[in-house]
Every structure is written in structure tokens, then in C-alpha cells.
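Given the structure is predicted, the values throughout are model-derived calculations rather than measurements.
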Amino acid sequence: MAETTGRPSARLREMIDGFQVSQAIHAAATLGVADVIGEGRRSAAEIAAKTGADADALYRLLRALASVGVFDEDGDRRFALTDLGECLRSDALEPQGDWARQIGQPYYWEAWDHLLFSIRTGANAFPHLHDGMSVWKWRANHPGESAIFDQAMMGISRSVASRVLEAYNFGQFAKVVDVGGGNGAFLAALLAKHPSTYGTVFDQPHVVVRATTTFESAGVAARAKALGGSFFESVPSGADAYLLKAVLHDWEDGECVRILTAVREACGTARLLVIEHVVDEPNTDRRSKFSDLNMLVMPGGRERTAAEWRTLFESAGFALRGITPAEGAPSVIEGAVR
């Protein structure tokens, strides 16, 4: 594992150098190293032959990652997956490889490189770097990057779906609309768990087009459909529940009110279910607080406390009915029309 001591300077140095680890994991994930290693143990030369990498450089990458516990190196320079490395496999129960691939993309890295700009100005870094263009518009103009991002979101959905679905009973609803549901990964998991529920995923046309394949792979295509459009304008009506998973944290309050207003106009007496992190008390909750910085530099949104969620709901005509936490995953924040 990582070489650390109890000295504050050593612990801080490890944090400072953290980008080196994330970039190394990005490289391994992009090459598909974990899938090549599989359940066995392979030499760097074997892995390099299958991934198209330079054998010596790949060995240096793998031994570095073995030093932080991602791989295990034996005395013959052969590598196996550890529990951490298993999460980089494409068939992992809670896959992290697609997100590792995403965070190393140059446009993503560049936005984080301008975090200081955002802190000094309070402005979103991405449009500052791209002539005022939002990250959503930029990805729409770069289909390859959009596909990488969508795959990363699918991986995250797979990682958190089981925990969220265990924490909250979505089976009480006959029909759900997943607003901003991307390629349908979360909705597919929901429908697979609740065979009497029907669902619709609603997102931008260039995104939602991939949902049909997701539904077919999950065996729920007969109970699912995909619709394209803008959630700033309107959303499909007629459901018992409207889901917004990892959507509202991408936007500042003004845009969130527009989205929620569109949902309110469609939902009648249906339930609103926002699946997001709830920022916890001081000196805790690293994940949501660093995600908040990611919102600042990339899409321009923010993570929110329980009080901020309540205020946001009320601004759009909803009452916050309760928050159901899910261990190691976002909470289900439940609302109803006031």
C-alpha cells in the first residue's frame, strides 16, 4: 500500500501528489489492463502485448499502482488484481474504470486546472475556457467525448443503483419517469428489481438514443421507453413518480427551479424523487464536498445541504417530505407538490 507516516508533512505531501495516482489509474483503465489480467497473474510483457503498450513503460506504471494497492506484484514481475483493481474490470459489480477513463480526458483535466480561476471569480471554469460554451453543448459537439462521459455515468449508476434501490421502495410506483436519466442505466436496474413497474427515460436526444440497448441488455425493454427533449421546457406526463438522479447538482438554483417547474407542471400529484448527495456537517463528507468543486469547474452547479434542498424545493412549488440515506451512495430526497 501507499508509503505513509504519521507526520503531517508526509500526509499532506501524499494529498498534493494525488493527481499522479489518478492519472496512473486513468492510464491503466484506458488500456483495459484489469480486463487483460482477469482472475490470473500476468507479466507486464503479456499485458503490453494485449494492450498495445510499451512493455517497459507499462511495467513502471503497474509497479507504481501496485505500491498503492491497485495491483499486486510478485517477485517475478507478474501482476494480479487486488480488491481495488477488481473494480477496474468492465464486468465489476461496482465498476470504476469508466470514471477513471473520464477524469483523465484533457477537457476535464483542463477545467480542474482552472479551479483557482473559479475560486477567485465564483465563475464556472469550463465556459471561461471554451468561449462561453457549456460543457453540455461542448460534449454534444464532440460525440466521442460524449460517449466516454455517458459510459462513465452508466458505470456510476451501476455502482450506486443497488444501494439506492435497497434503501428506498421504488416498487410502490406503477410508472416512473427518469428525467435526465442518460442512457437508462438506473431505470433499467429499477425495472429489473420491480417487475410490475413501467418506466420512461427522458434526456437529450443524442444521449437517450443509447437507452434502447441498455433496456434490451437488462431484459426490461417491454416495460421501458426512451424519449428525447429538454427538461427546461417540458417533461412527459402521466407518471406516479419523477426521478432526477444526479441532475440538479449540475445546475445553479435558477436553472434547477426551471427544471423542477417543468416537472411540477407534468406531475400533478405524483411524487418527486431527487437522488443526490446531501452535504453533511463540517469536517466530514469528503465525497460530496469535492464533488461540489467538480460542479464549480465543470457544469457550473453545486452540491447542497438538507436546508438548501428544502429551500430549492419550495422555490419550485414542492414540499420536502423526507430524505432517505443510502449507505455509500446518494440519498433519495422526496418531495410533493405543495
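No donor-acceptor contact under 3.5 angstrom links the side chains of Thr214 and Asn183, judged on distance only. Tyr59 and Asp54 share no donor-acceptor pair across their side chains, judged by distance under 3.5 Å alone. Side-chain N/O atoms of Ser288 and Glu303 include no donor and acceptor closer than 3.5 Å. A donor-acceptor pair shorter than 3.5 Å can be found between the side chains of Gln96 and Ser159. Judged by distance alone, the side chains of Asn294 and Trp112 do bring a donor and an acceptor atom under 3.5 Å apart.
Under a hydrophobic clustering in which Ile, Leu, Val, Met, Phe, Trp and Tyr are joined whenever their side-chain heavy atoms come within less than 4.5 Å, directly or via other members, Trp309 and Met295 fall into different clusters. Hydrophobic cluster membership is shared by Ile333 and Val257, with clusters built from Ile, Leu, Val, Met, Phe, Trp and Tyr side chains linked at under 4.5 angstrom.
Among pairs with a residue in residues 152-175, those fulfilling salt bridge (Lys or Arg N to Asp or Glu O under 4.0 Å) read Glu94-Arg163, Glu166-Lys193, at least two apart in sequence or across chains.
Residues meeting the side chain to side chain donor-acceptor pair (under 3.5 Å) test with Glu252, sequence neighbours left out: Arg302. Applying the salt bridge (Lys or Arg N to Asp or Glu O under 4.0 Å) test to Asp17 and every residue at least two apart in sequence or in another chain returns Arg13. Partners of Arg271 under the salt bridge (Lys or Arg N to Asp or Glu O under 4.0 Å) rule, at least two apart in sequence or in another chain, are Glu334. With sequence neighbours left out, the salt bridge (Lys or Arg N to Asp or Glu O under 4.0 Å) criterion links Asp91 to Arg89. In terms of the salt bridge (Lys or Arg N to Asp or Glu O under 4.0 Å) criterion, Lys137 has no residue partners (sequence neighbours excluded).
Both tests hold for Arg286 against Phe290: distance to the six-membered ring centre under 6.0 Å, angle to the ring axis within 45°. With Trp99 as the aromatic partner, Arg101 does not meet the cation-pi criteria of under 6.0 angstrom to the ring centre and within 45 degrees of the ring axis.
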Quiz item: So Val176 and Leu187, side chain to side chain contact (heavy atoms under 4.5 Å, CB included) or not? Walk me through it.
Solution: CA-CA 9 Å; Val176 300; Leu187 181 60; 3.6 Å; yes

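Judged by distance alone, with hydrogens and angles left aside, the side-chain atoms of Glu276 form a donor-acceptor pair with the main-chain N or O of His249 at under 3.5 Å. Judged by distance alone, the side chain of Asp203 and the main-chain N or O of Gly182 form a donor-acceptor pair under 3.5 Å. Side-chain atoms of Asp35 come within 3.5 Å of backbone N or O of Ser90 as a donor-acceptor pair. In this structure, Thr30 contributes its side chain and Ala27 its backbone to no donor-acceptor pair below 3.5 Å. Between the Arg264 side chain and the Phe318 main chain, no donor and acceptor come within less than 3.5 Å of each other. The backbone N or O of Asn169 sits less than 3.5 Å from a side-chain atom of Gln172, completing a donor-acceptor pair.
A distance of 13.0 Å separates CD of Glu73 from OG1 of Thr82, quoted to the nearest 0.5 Å. The distance from the OG1 atom of Thr311 to the CZ atom of Arg304 is 10.5 Å, given to the nearest 0.5 Å. One finds the CG atom of Leu191 at 10.0 Å from the OG atom of Ser196 (value rounded to the nearest 0.5 Å). Atom CG of Leu61 is separated from atom CG of Leu31 by 7.5 Å, given to the nearest 0.5 angstrom. The OG1 atom of Thr197 sits 8.5 Å away from the CG atom of Asp240 when rounded to the nearest 0.5 Å. Here Leu296 contributes atom CG and Phe126 contributes atom CZ; the two are 14.0 Å apart, rounded to the nearest 0.5 Å.
Of the candidates Asp250, Val135, Asn124, Val135 is the only one forming a side chain to side chain contact (heavy atoms under 4.5 Å, CB included) with Met298. Applying side-chain hydrogen bond (donor to acceptor under 3.5 Å, both in side chains) to Tyr107 and the options His142, Glu145, Arg139 leaves one that passes, Arg139.
Counting only heavy atoms from C-beta outward, the side chains of Leu273 and Tyr242 never approach each other to under 4.5 Å. With a 4.5 Å cut-off on side-chain heavy atoms, Phe71 and Leu81 count as touching. The shortest distance between side-chain heavy atoms of Asp178 and Thr200 does not fall below 4.5 Å. Between Phe170 and Val332, some side-chain heavy-atom pair lies under the 4.5 Å cut-off. In this structure the side chain of Leu243 never reaches within 4.5 angstrom of the side chain of Val177, judged on heavy atoms. The shortest distance between side-chain heavy atoms of Ser331 and Ile275 does not fall below 4.5 Å. Residues His194 and Arg223 fail the side-chain proximity criterion, which asks for heavy atoms closer than 4.5 Å. Side chains of Leu244 and Phe231 form no contact here, defined as non-hydrogen atoms less than 4.5 Å apart.
Salt-bridge annotation for Asp150 and Arg210: present, with a side-chain N of the basic residue lying under 4.0 Å from a carboxylate O of the acidic one. With respect to Arg41 and Asp72, a salt bridge is recorded, a charged nitrogen being found less than 4.0 Å from a carboxylate O. Contact check on Arg78 versus Glu46 returns a salt bridge, with a Lys/Arg side-chain nitrogen under 4.0 Å from an Asp/Glu carboxylate oxygen.
Nearest heavy-atom pair across Val247 and Gly180 is CG2-O, 3.7 Å.
Between Trp251 and Trp136, the ring-plane angle classifies as parallel under the 30° and 60° cut-offs.
In this structure, Phe149 has its ring center at least 6.0 angstrom away from the ring center of Trp138.
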